[in-house]
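One structure is given here, and the rest of the page talks about it.
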Amino acid sequence: MAEVIRMPKMSDTMEEGVIAEWHKKVGDKIKSGEVIAEVETDKATMDLESYWDGTLLYIGVKKGDAVPIDGVMAIVGAEGEDYQSLLDGASNGNGAPSAGAPKEAPAVAANAAAAPAVETVTPATAAKPASAAAATEKINAAVVRMPKMSDTMEEGTLVSWQKKVGDKVKSGDILAEVETDKATMELEAYEDGTLLYVGIKEGDAVPVDAIIAVIGEEGANVEGLLARENGEAPAEAAAPSAQAAPTPAVNGSEKAVSVADSGDRVKASPLAKRLADEKGINLSEVAGSGDNGRIVKRDVDEFKPAAQASATSAAQPAPAAKAEPAPAVGAPAQAAPASGDFVDTPISQMRKTIARRLSESLFTAPHFYVTMEITMDKAMALRPQLNEVATAKISFNDMVIKACAIALKQHPAVNSAWLGDKIRKYNYVNIGVAVAVDEGLLVPVIREADKKTLSAISGEVKDLAGKAKDKKLQPKDWEGNTFSVSNLGMFGVDEFTAIINPPDSCILAIGTIKKVAAFKEDGTVYPTNIMKVTLSADHRVVDGATAAQFLLTVKKLLEEPMSMLV
């Protein structure tokens, strides 16, 4: 089943994207989650991931070409599959069918969601005249999908609806507030009309590209649109024999044809597959109630594992079973209560992404660590003098950022990234600064830090840290880092190792400044102030000697801080 990859909306102001690089070519096998291209938006160059497994059958735009939001970029499917029908009916990105599309095909506008839109063609759909008629019905409404609001976002939590069903909506109106893995952001409407349907409640989390609402003309066939978008056959498209027979119990003993009985591959709608994956349900155990035993959304929603159901009925007498509320759909088996008192805290989108990205970093990039002691006596003496004339109060962290920025220009191998088939050396220095917030860690970026004064760096760090804690950071604030620093010195930590922040190849962990005893050549003891720093480096990009030389440069700059000012 072939899938169309469209230009996603990667920022709130993006109108088109430029293909900066294709990482795959026609004929290549690709897997869900693989980066297939780099797209330059109006704010950053971002990776475009595939959401499907298969073979890249078609590429419709060349490197350097601009594509409008929702424009067709490529097609993924089975090797040798005929995809021409998708191109014939594909939209050109502004709502009009592309050349060759049948005149009677409706131009159903879809919300410019940030995840690639999908058009599916199945033999079952083509074989049923009733379904085909329903599929070509003109419905003056458009679905609103969960947009991809950051390069790492996989799902969003609906914080609050700003509109309710029945409200008039104009393009640009704020529909809702969405919590991503990095910030709470506003979701704008891209269609004029009436809010006809709201698919999720406040507080619910849904994956990128999931349908969350419908906007259109009053009286539009919302159910038909949702069925078509979900790849499900409308009720009126059911076979006559199904109408004459009693409605089967979807997951009872008298089931519709099970897709596992035929020995063929599991037949399921795209939405059903995605929901089953989220809930950990094996589709081969689910009976399909759709055409030819096809599994649809309601089958997954109503599915209850047979083993769990039988165990419950066997373990409890009938009266008790009636008194117990039914378990939530897809909920895991309840564990035995633990002794003692405890609190379970739901995992936020930010914490989920931190866990995923840092796990990938630690277990993918071969980390090694280099620690060095830096004498901070002169930096401590200079700082009060600088703050007498500075426009913003300068911290030791600001001085470390400046020293790293200068050192990175002298050691470009450290200012690099591993891209799989190549190493990219950046000609600019953008330093990410780790900021602790209630729900985890954010890394806003100081751009071209090597060109900025200590006062400018200090002002930006304070401004971005404030935005991070208020959840007001925008994608432009956290994208594009080439190196990162993490400082736990203010908590009294002597030294620690940090996990590399992708796509960087290095991160510097900064400890506290500690007064210790030192010895002169004659054996005389004197006090001095020492700060330990540890560089975590990706050995695929940076070698040990390179890391040591970089730290030596940072050490010299901080031990002679006036050299950073001239």
Side-chain angles (χ1 to χ4, degrees), residues 372-411 414-415 428-437 441-470 473 477-478 480-496 498 501 504 506-515 529-536 550-566:
M372 192 169 286
E373 291 185 348
I374 299 175
T375 302
M376 296 295 287
D377 294 340
K378 291 185 178 180
M380 294 179 70
L382 178 63
R383 181 170 170 253
Q385 300 176 42
L386 293 175
N387 281 329
E388 289 179 3
V389 295
T391 56
K393 188 175 181 180
I394 296 168
S395 68
F396 292 115
N397 194 59
D398 301 327
M399 299 174 81
V400 172
I401 292 171
K402 180 65 175 179
C404 288
I406 296 172
L408 287 169
K409 294 298 287 185
Q410 298 179 34
H411 303 276
V414 180
N415 196 45
Y428 52 89
V429 175
N430 291 348
I431 296 187
V433 183
V435 176
V437 296
L441 194 70
L442 289 174
V443 188
V445 179
I446 307 297
R447 301 184 184 280
E448 297 189 315
D450 58 309
K451 300 178 182 178
K452 292 178 177 174
T453 64
L454 285 167
S455 293
I457 291 173
S458 174
E460 279 195 40
V461 170
K462 289 178 175 61
D463 179 58
L464 291 170
K467 286 183 178 180
K469 290 175 181 177
D470 294 337
L473 287 177
D477 297 324
W478 67 65
N481 47 288
T482 64
F483 183 88
S484 298
V485 297
S486 180
N487 191 343
L488 293 180
M490 67 283 291
F491 300 108
V493 175
D494 288 341
E495 63 177 305
F496 68 102
N501 178 38
D504 301 348
C506 294
I507 183 171
L508 188 68
I510 307 164
T512 191
I513 299 175
K514 192 173 183 179
K515 184 170 286 189
N529 295 282
I530 296 295
M531 179 178 72
K532 289 185 179 180
V533 297
T534 299
L535 184 73
S536 303
F550 169 78
L551 278 188
L552 277 174
T553 302
V554 173
K555 176 182 173 72
K556 289 177 182 177
L557 289 167
L558 289 172
E559 290 185 343
E560 296 292 341
M562 286 296 292
S563 62
M564 294 190 292
L565 308 179
V566 294

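Below, each value reflects all heavy atoms present in this structure, side chains not excepted, and no hydrogens, waters or symmetry copies.
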Roughly how far apart are [X] [atom1] and [Y] [atom2], rounded to 0.5 Å?
| X | Y | atom1 | atom2 | value |
| --- | --- | --- | --- | --- |
| Arg383 | Leu454 | CZ | CG | 11.0 Å |
| Glu460 | Lys452 | CD | NZ | 3.0 Å |
| Leu551 | Leu535 | CG | CG | 5.0 Å |

* Validate the cation-pi geometry between Arg447 and Tyr428: distance from NZ or CZ to the six-membered ring centre under 6.0 Å, angle to the ring axis within 45°. =>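 The answer is no; the distance or angle limit is not met.
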Under the salt bridge (charged side-chain N to carboxylate O under 4.0 Å, His left out) rule, collect the residues that match up with [X], sequence neighbours excluded.
| X | value |
| --- | --- |
| Asp494 | Lys514 |
| Lys556 | none |
| Lys469 | none |

* Among all residues two or more places apart in sequence or in another chain, which pass the side chain to side chain contact (heavy atoms under 4.5 Å, CB included) test with Asp470? ->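 Partners of Asp470 under the side chain to side chain contact (heavy atoms under 4.5 Å, CB included) test: Lys472.
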* Asked: Got a sec, which residues hit side chain to side chain contact (heavy atoms under 4.5 Å, CB included) with Leu488, two or more places apart in sequence or on another chain?
  ->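 Checked Leu488 against side chain to side chain contact (heavy atoms under 4.5 Å, CB included); matches are Phe491, Val493, Phe496.
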* Side chains of Pro444 and Lys467: does their closest heavy-atom pair fall under 4.5 Å? ->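 No, every pair of side-chain atoms sits at 4.5 Å or beyond.
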* Asked: Would a distance-only check, ignoring hydrogens and angles, find a side-chain to backbone donor-acceptor pair under 3.5 Å from Ser484 to Ile507?
  -> no
* Side-chain donor or acceptor of Lys402 paired with backbone N/O of Asp450 under 3.5 Å ->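 Between the backbone of Asp450 and the side chain of Lys402 there is a qualifying donor-acceptor contact (under 3.5 Å).
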* Asked: For Thr553 and Ala407, which heavy atoms make the closest approach, and how far apart are they?
  ->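 Scanning both residues completely, I find the closest heavy atoms to be CG2-CB, 3.8 Å.
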* Shortest non-hydrogen separation from Ala379 to Met399 and the atoms involved -> CB-CE, 3.9 Å
* Asked: Do Asn481 and Asn430 have a side chain donor and acceptor closer than 3.5 Å?
  ->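 No - no donor-acceptor pair under 3.5 Å links their side chains.
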* To do: Enumerate the residue pairs fulfilling side chain to side chain donor-acceptor pair (under 3.5 Å) with a member in residues 387-399, sequence neighbours excluded, ordered by first and then second residue.
  =>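 Checked against side chain to side chain donor-acceptor pair (under 3.5 Å) - neighbours excluded - the pairs reaching residues 387-399 are Ser395-Asp398, Asn397-Asn487, Asp398-Ser458.
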